[in-house]
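None of the values given here were measured: they were computed from a predicted structure. Heads up: numbering here begins at 1 and tracks the sequence.
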Amino acid sequence: MKTVGYASYSAETEMVPYHFERRALRANDVAIEILYSGVCHSDLHTVNGDWGPQPSPIVPGHEIVGRVIEVGPEVSNYKVGDQVGVGCMVDSCQECDQCHHGEEQFCRHGMTPTYGAPDRITGELTQGGYSKHIVLREEFVLRIPDGLDLSRAAPILCAGITTFSPLRTWNIGEGSRVGVIGLGGLGHMAVKLAAAMGAEVTVLSRSTKKEHEAKLIGAKGILASTDEDAMIAAESSFDLIIDTVPVEHDVTPYAPLLDVDGTLVIVGQVGPMKEFVSVPMIMGRRRVAGSLIGGVKQTQEVLDFCAEHDILPICEIIRPDQINDAFKVMEQGDIAHRYVMDMTAMSDDA
């Protein structure tokens with residue numbers, strides 16, 4: 001299948017149109033026409049080479065919403081015309097204990113990311129959602145529930161599941177006290193999801209200037225990390241803190257905010273972190289943990305949860321040819337919304 005997308009050839013150059021071929025369908029494959037593709041901070045890190053050298057050309061994108069246009073003969077759960085999604089992975093071994101537990105993201109043999117990794121069968125490079133089509137095995141296709149706005153659903157497949165998974169892992173529910181560090185693309189989804197679960201949610205930020213926005217999406221308010229008196233008064237007041245900051249930073253100031261047995265979960269920064277002081281960890285049996293995405297089953301769960309509770313990310317819809325401008329804005333800071341590309345606006349001869 002011939003298709004077209006936007007690809008990166010190097011960390012020093014801008015994204016450009018790229019014509020390539022998707023594989024012919026295998027028996028258990030689904031072919032999807034991509035309608036919308038979310039723009040994740042991970043995409044920017046990848047093309048910038050922040051996580052090491054990347055193969056090229058590489059087509060990013062792992063927040064994908066589209067329509068089924070063809071299925072292989074062994075596909076049983078999807079048919080032509082279905083509204084579907086694709087998240088951060090397109091394959092795993094399907095045989096190890098983690099895959100059997102529905103946690104394919106922790107596959108013992110390594111899950112296959114949606115872009116930038118060798119296909120498990122052919123070895124060819126996987127290419128992501130900044131394109132007009134994608135082909136993948138049925139087990140990693142997700143159903144987009146009726147009622148979800150297709151143009152805003154894509155970021156749920158990364159920002160949504162990335163924040164939903166720790167909320168489920170640490171059993172957040174009615175009466176839980178949750179802090180969210182940062183009100184960017186990940187942070188605003190964490191606030192919406194935790195509030196819908198019945199938690200009391202507080203945003204942790206350097207200032208209170210976004211307090212109105214935080215309250216509008218379900219937070220009770222903002223705790224300014226620069227206000228020493230307020231930080232002292234808030235000690236031992238959270239069961240869980242979700243840290244969405246996407247750059248290297250110090251978690252020490254936030255540790256005393258956790259109650260006994262509380263957990264701070266890092267979901268933003270991938271890479272080096274500043275050294276932290278162990279005293280508040282030891283004195284309160286507190287912990288710092290990390291969390292990736294969720295498995296296929298849990299990703300479907302968050303899609304259904306968002307449909308049930310009318311939760312959608314704050315999005316700015318852009319054309320594919322605006323991707324380089326979007327990256328420049330993202331490089332300047334953690335924006336409080338998600339960019340979503342309308343892939344129907346990309347012509348075949350781009």
Side-chain angles (χ1 to χ4, degrees), residues 3-18 20 34-66 85-90 105 111-117 125-134 136 152-163 182 184-189 244-247 267-271 292-293 299 313-343 345-346 350:
T3 192
V4 61
Y6 265 80
S8 168
Y9 280 81
S10 76
E12 292 75 34
T13 59
E14 291 193 334
M15 303 277 290
V16 294
Y18 171 55
F20 64 106
I34 298 174
L35 304 177
Y36 298 97
S37 181
V39 180
C40 178
H41 219 282
S42 299
D43 303 337
L44 178 60
H45 282 307
T46 298
V47 302
N48 282 349
D50 296 337
W51 297 337
Q54 296 296 321
S56 68
I58 186 170
V59 178
H62 54 209
E63 300 176 348
I64 300 166
V65 167
V86 181
C88 300
M89 52 186 172
V90 292
Q105 75 275 26
M111 61 89 165
T112 303
T114 304
Y115 64 86
L125 190 69
T126 58
Q127 302 287 12
Y130 292 12
S131 59
K132 295 195 70 173
H133 305 91
I134 192 169
L136 71 156
R152 297 172 63 192
I156 297 171
L157 295 158
C158 179
I161 185 58
T162 297
T163 51
L186 284 173
H188 87 278
M189 283 301 292
T244 71
V245 178
V247 295
V267 299
Q269 164 66 347
V270 179
L292 190 58
I293 51 173
T299 307
I314 301 168
C315 298
E316 179 179 344
I317 308 300
I318 62 173
R319 301 185 313 273
D321 61 8
Q322 293 175 294
I323 184 59
N324 292 304
D325 293 332
F327 275 180
K328 289 174 184 175
V329 174
M330 291 167 65
E331 285 178 328
Q332 294 170 5
D334 192 19
I335 57 174
H337 63 270
R338 300 288 274 199
Y339 285 114
V340 174
M341 288 190 289
D342 179 357
M343 299 310 297
M346 185 163 192

Going by heavy atoms in the side chains, are [X] and [Y] under 4.5 Å from each other?
X	Y	result
Gln127	Tyr18	yes
Leu157	Val86	no
Glu14	Ile323	no
Cys315	Pro155	yes
Lys132	Ile34	no
Thr114	Ile134	yes
Phe20	Ser131	yes
Pro60	Thr46	no

Kindly compute the distance separating [atom1] ([X]) from [atom2] ([Y]), expressed to the nearest 0.5 Å.
X	Y	atom1	atom2	result
Arg338	Glu63	CZ	CD	4.5 Å
Cys88	Met111	SG	CE	7.0 Å
Arg319	Met343	CZ	CE	12.5 Å
Thr126	His62	OG1	NE2	12.0 Å

Least distance between heavy atoms, [X] atom then [Y] atom:
X	Y	answer
Ala326	Ile318	CB-CD1, 3.9 Å
Ala7	Val59	CB-CG2, 3.9 Å
Gly185	Ala159	O-CB, 4.0 Å

Problem - Ring geometry between Phe327 and Tyr130 (parallel below 30°, tilted from 30 to 60°, perpendicular above 60°) - result: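 Rings of Tyr130 and Phe327: tilted, as their planes differ by 30° to 60°.
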Exercise for the section: For the pair Tyr339 and His337, name the ring-plane relationship: parallel under 30°, tilted 30 to 60°, perpendicular over 60°. Expected result: perpendicular
Problem - Listed partners of Tyr36 passing ring pair (Phe, Tyr, Trp, His ring centres under 6.0 Å), at least two apart - result: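 With sequence neighbours excluded, Tyr36 shows a ring pair (Phe, Tyr, Trp, His ring centres under 6.0 Å) to no residue whatsoever.
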Check: [Y] main-chain N/O paired with [X] side-chain donor or acceptor under 3.5 Å:
X	Y	answer
His188	Ile314	yes
Arg152	Pro313	yes
Ser8	Ile58	no
Thr162	Ile293	no
Thr163	Gly187	no

Problem - Intermediate values then yes/no, side-chain hydrogen bond (donor to acceptor under 3.5 Å, both in side chains), Asn324 and Tyr6 - result: CA-CA 10 Å; Asn324 292 304; Tyr6 265 80; over 6 Å; no
